[in-house]
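What follows is one structure encoded as structure tokens, with my remarks underneath.
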Amino acid sequence: MPHAVDHHAILARFALSRGGDGNIFRDIDPSRLAHIVVDMQNGFMEEGAPVEVPVARTIVDNINRISAAVRDAGGHNVFLRYTTPPEGGPSWSNFMVRMGREAQGHREAFTPGAHHWQLWPTLDVREADAIVDKHRFSGFTPGTCALKDVLDARGIDTVLITGTLTNCCCESTARDAMQHNYRVLMASDANAALSDEEHAATLHIMAMVFADLHSTQEVVDLLGS
């Protein structure tokens, strides 16, 4: 099951000052929205995978529902794929240091073409969707991902974040998107962390500063309206 976290209770903290339910963006243009699916790869999804996130297996149906609704509404789906940085690229040695003894295995797992680097097989990816490799947690780190160029070429002003981990790559991408002046939405039951507590902590900070929160059904309804 997706995380047992009530995003409405989180939003209620901000409803008095903002009006309504605590969210801000009510005039979404689907043609200018990109659904960014973060790191739904074998290396995060499989049992025993290098960075296994068990809850991530339970959110695939919700992500696929959102992807379908985005396509039907004329929006864009972009699948981010964590990829081991290439030799000669910008150094990320401090991350490898923090990985300790797991660093080499992590590099090998997410090398282009490796099994764990591949997108999860039941993820609904279509020919018109974009797949973008990234070499950092955020898809907006300069010089490490083409995400912003992809979005700008499509005239995107709003991004909707799903995927894993809620409190790492999803949060990093959402934070940077907001600071690039995109309007940011986050699907509360289509993101996955290692615990309900970690997931809830990110949703709180997202709602406070960075993003509107919606359930999958609310996203579908919003796009359908």
Side-chain angles (χ1 to χ4, degrees), residues 2-5 7 10 34-60 62-63 78-85 90-103 105-111 114 116-120 123 131-145 147-148 159-180 182 184-211 213:
H3 291 289
V5 175
H7 70 287
I10 295 171
H35 171 214
I36 300 177
V37 183
V38 180
D39 296 356
M40 294 292 284
Q41 298 160 261
N42 293 333
F44 297 94
M45 306 283 290
E46 285 184 349
E47 292 187 20
V51 194
E52 182 188 358
V53 186
V55 176
R57 293 190 288 271
T58 76
I59 65 170
V60 175
N62 284 346
I63 290 175
V78 180
F79 293 83
L80 292 185
R81 187 167 51 189
Y82 177 76
T83 303
T84 297
S91 174
W92 203 17
S93 58
N94 287 331
F95 174 51
M96 290 297 107
V97 170
R98 298 191 77 87
M99 290 293 293
R101 290 177 295 179
E102 299 176 0
H106 192 280
R107 284 193 193 97
E108 293 172 358
F110 294 102
T111 296
H116 286 122
W117 172 78
Q118 305 288 347
L119 293 173
W120 187 244
L123 207 59
I131 301 174
V132 181
D133 293 340
K134 65 181 177 68
H135 304 307
R136 295 294 187 273
F137 298 144
S138 169
F140 290 99
T141 304
T144 67
C145 185
L147 177 61
K148 190 172 188 304
V159 298
L160 166 64
I161 307 294
T162 65
T164 197
L165 279 76
T166 314
N167 57 325
C168 188
C169 293
C170 299
E171 178 174 355
S172 297
T173 300
R175 284 172 176 261
D176 285 352
M178 183 268 192
Q179 293 180 96
H180 278 292
Y182 293 100
V184 183
L185 317 177
M186 201 162 196
S188 62
D189 57 355
N191 281 266
L194 290 170
S195 69
D196 286 355
E197 292 78 12
E198 291 164 291
H199 182 74
T202 288
L203 294 187
H204 274 86
I205 195 63
M206 289 293 107
M208 185 175 76
V209 180
F210 296 99
L213 305 180

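Bear in mind that the values here come from a model prediction, so they are computed numbers and not experimental data.
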Stepwise side chain to side chain contact (heavy atoms under 4.5 Å, CB included) check, Val38 with Lys134: CA-CA 10 Å; Val38 180; Lys134 65 181 177 68; 4.2 Å; yes
Non-hydrogen atoms of Thr202 and Met186 that approach each other most closely: CG2-CE, 4.4 Å
Criterion side chain to side chain contact (heavy atoms under 4.5 Å, CB included) on Phe137 and Thr173, from CA distance to verdict: CA-CA 7 Å; Phe137 298 144; Thr173 300; over 6 Å; no
Min side-chain heavy-atom separation Val51-His106 under 4.5 Å: yes
Pairwise side-chain contact, Thr84 with Trp117, heavy-atom cut-off 4.5 Å (strictly under): no
Pro54 backbone acceptor or donor facing Thr58 side chain under 3.5 Å: no
Distance in Å, Leu123 CG paired with Phe79 CZ, rounded so as to fall on 0.5 Å steps: 4.5 Å
Side-chain touch Met206/Arg175, heavy atoms, less than 4.5 angstrom: yes
Whether Thr83 side chain and Arg81 backbone form a donor-acceptor pair below 3.5 Å: yes
Pair Met40-Val60, side chain to side chain contact (heavy atoms under 4.5 Å, CB included): steps then yes or no: CA-CA 8 Å; Met40 294 292 284; Val60 175; 3.9 Å; yes
pair Leu194-Val53: side-chain heavy atoms closer than 4.5 Å: yes
Gap separating the NE2 atom of His180 from the OG atom of Ser138, nearest 0.5 angstrom: 7.0 Å
Sidechain-backbone polar pair: Asn62 side chain, Asp189 backbone, donor-acceptor under 3.5 Å: yes
Taking every non-hydrogen atom, the tightest pair across Ala177 and Val159: CB-CG2, 3.8 Å
Close side-chain approach of Gln118 to Met45, heavy-atom, < 4.5 Å: no
Close side-chain approach of Gln41 and Phe110, heavy atoms under 4.5 Å: yes
Contact summary for Ala193 and Asn167, nearest pair of heavy atoms: CB-OD1, 3.6 Å
Gap between atom CD1 of Ile36 and atom SG of Cys170 - 0.5 Å precision: 10.0 Å
Within-4.5 Å side-chain heavy-atom neighbours: Arg136 and Cys145: no
Identified side-chain hydrogen bond (donor to acceptor under 3.5 Å, both in side chains) counterpart of Ser188 within the set His3, His7, His199: His7
Residue among Ile161, Leu203, Ile205 satisfying side chain to side chain contact (heavy atoms under 4.5 Å, CB included) with Glu171: Ile205
Side-chain donor/acceptor of Thr162 to backbone N/O of Asn191, under 3.5 Å: no
Whether Thr111 side chain and Ala114 backbone form a donor-acceptor pair below 3.5 Å: no
Minimum-distance pair of heavy atoms, taken over all atoms of Ala34 and Val78: CB-CG2, 4.5 Å
Student check: side-chain heavy atoms of Pro85 and Thr144 closer than 4.5 Å: no
Parallel, tilted or perpendicular: ring planes of Tyr82 versus Phe44, cut at 30 and 60 degrees: perpendicular
Closest approach of Ala207 to Leu213 (non-hydrogen atoms, all atoms of both residues): CB-CD1, 3.8 Å
Verdict with supporting geometry, Trp120 and Glu46, side chain to side chain contact (heavy atoms under 4.5 Å, CB included): CA-CA 9 Å; Trp120 187 244; Glu46 285 184 349; 3.4 Å; yes
